[in-house]
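Notes for the one structure printed next.
Scope of the values below: all heavy atoms of this structure, side chains included, with no hydrogens, waters or symmetry mates. Throughout, numbering of the chain's residues begins at 1 and tracks the sequence.
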Amino acid sequence: MALLRPAEQLDQLPYTRAVLFEAMRMRPPAALLIRKIERDTCLKDYELKAGSLAMFSIYNIHHHPELWEKPENFDPERFIDNKISKYTFFPFGIGSRFCIGNQFATLELTLLLSMLAQHFDFSLCSKQEPEIDMA
């Protein structure tokens with residue numbers, strides 16, 4: 001039996017990767033992005049002055065009903081077709097400060113999730129929804 005390289009293994013795990021991405025959409029690893037405005041900009045009716053800071057809530061964008069159908073439902077299928085915009089799903093950030101380790105993290109987490117799922121059965125300890133703390 002030929003050994004597969006990690007990238008080839010990832011290609012054989014599209015649903016596991018979709019589960020991982022949906023988990024990161026539901027509970028992003030970082031709460032906010034903060035960027036410095038480089039030049040005066042107008043965004044709809046808001047003026048953004050050069051030198052000021054803009055904060056983006058990744059959680060709110062990942063749960064926005066105009067961007068996601070049934071955003072509060074856990075649905076890995078939404079990631080199967082890979083047609084998700086980089087402006088609506090960005091658990092690793094976006095722009096010039098995008099996490100350079102995103103491909104390694106995706107590979108590592110997908111393989112780890114698949115290995116854990118092979119050896120353990122997971123269930124909730126309680127039916128109560130866990131409290132979200134983005135501190």
Side-chain angles (χ1 to χ4, degrees):
M1 181 167 107
L3 291 176
L4 295 176
R5 295 186 313 182
E8 294 167 334
Q9 292 175 353
L10 187 61
D11 290 341
Q12 294 185 359
L13 299 168
Y15 193 78
T16 306
R17 182 176 174 269
V19 168
L20 171 67
F21 280 4
E22 182 66 352
M24 288 195 295
R25 184 192 69 81
M26 295 292 290
R27 302 291 188 267
L32 307 167
L33 292 177
I34 300 173
R35 297 292 186 261
K36 188 173 185 177
I37 309 289
E38 289 185 3
R39 59 182 177 278
D40 288 348
T41 306
C42 191
L43 184 63
K44 290 199 175 194
D45 295 332
Y46 298 98
E47 289 188 27
L48 305 171
K49 297 292 183 189
S52 60
L53 298 177
M55 294 174 52
F56 305 89
S57 169
I58 297 173
Y59 180 88
N60 287 344
I61 292 170
H62 285 184
H63 288 256
H64 199 288
E66 290 181 20
L67 303 174
W68 300 93
E69 185 178 326
K70 299 179 183 176
E72 298 307 317
N73 291 359
F74 186 83
D75 181 14
E77 297 289 331
R78 68 177 93 228
F79 287 95
I80 293 296
D81 64 5
N82 291 319
K83 294 181 183 175
I84 303 297
S85 168
K86 69 178 181 177
Y87 300 110
T88 58
F89 177 68
F90 45 93
F92 297 105
I94 192 168
S96 62
R97 296 178 72 189
F98 184 73
C99 176
I100 61 171
N102 74 84
Q103 290 179 334
F104 176 72
T106 299
L107 173 67
E108 183 176 51
L109 289 169
T110 302
L111 294 176
L112 178 63
L113 180 58
S114 71
M115 290 172 16
L116 287 171
Q118 289 175 28
H119 297 284
F120 298 98
D121 291 324
F122 294 94
S123 63
L124 296 175
C125 297
S126 166
K127 292 188 184 280
Q128 182 178 350
E129 182 74 19
E131 185 177 322
I132 298 171
D133 182 6
M134 295 302 248

Looking only at non-hydrogen atoms, find the nearest pair between Ile58 and Ala30 and report the distance. CD1-O, 3.6 Å
Is any side-chain heavy atom of Ile94 closer than 4.5 Å to a side-chain heavy atom of Phe56? no
Taking all non-hydrogen atoms of both residues into account, name the closest pair between Thr106 and Thr110 and its distance. O-OG1, 2.7 Å
Tell me the closest heavy-atom pair linking Ala50 and Asp40, and the distance in Å. N-OD1, 2.8 Å
Are there over 12 heavy-atom neighbours, none belonging to Gln118, within less than 6.0 Å of that residue's CD? yes
Side-chain contact test, heavy atoms from C-beta onward, threshold under 4.5 Å: evaluate it for Val19 versus Phe74 and give yes or no. yes
How about CG on Leu124, more than 12 heavy atoms from neighbouring residues, nucleotides or ligands closer than 6.0 Å, or not? no
Enter the distance from Leu116:CG to Asp121:CG here, rounded to the nearest 0.5 Å. 12.0 Å
Does any non-hydrogen side-chain atom of Leu109 lie less than 4.5 Å from one of Leu113? no
Should Tyr59 and His62 count as side-chain neighbours, where that means a heavy-atom distance under 4.5 Å? no
Non-hydrogen side-chain atoms of Met26 and His63 separated by less than 4.5 Å: yes
If I compare all heavy atoms of Tyr87 with all of Ile61, which pair ends up nearest, and what's the gap? O-CG2, 4.0 Å
What is the minimum heavy-atom distance between Pro71 and Pro65, and which atoms define it? CG-CA, 3.9 Å
Return the set of residues passing side chain to side chain contact (heavy atoms under 4.5 Å, CB included) with Ile100 (not counting sequence neighbours), or none when no residue passes. none
Is it possible for you to say whether Leu67 and Leu32 belong to one hydrophobic cluster, with membership spreading through side-chain heavy-atom contacts below 4.5 Å? no
Considering non-hydrogen atoms only, spot the tightest contact between His119 and Met115 and give its length. CD2-O, 3.0 Å
Would you say Glu72 has more than 12 foreign heavy atoms packed within less than 6.0 Å of its CD? yes
Does any non-hydrogen side-chain atom of Phe90 lie less than 4.5 Å from one of Leu33? yes
Short side-chain to backbone donor-acceptor contact, Arg25 and Pro76, under 3.5 Å: no
Within the structure provided, determine whether Thr16 and Leu111 are in side-chain contact (heavy-atom separation under 4.5 Å). no
Decide, yes or no, whether a salt bridge links Arg78 with Glu22 under the criterion of side-chain N to carboxylate O below 4.0 Å. yes
Phe104, CZ atom: more than 12 neighbouring heavy atoms under 6.0 Å: no
Linking I/L/V/M/F/W/Y whenever their side-chain heavy atoms sit closer than 4.5 Å, directly or via other members, would Ile37 and Leu53 fall into one cluster? no
Backbone of Ala54 reached by a side-chain donor or acceptor of Arg35 within 3.5 Å: no
So do Arg17 and Phe79 actually touch side chain to side chain, heavy atoms under 4.5 Å? no
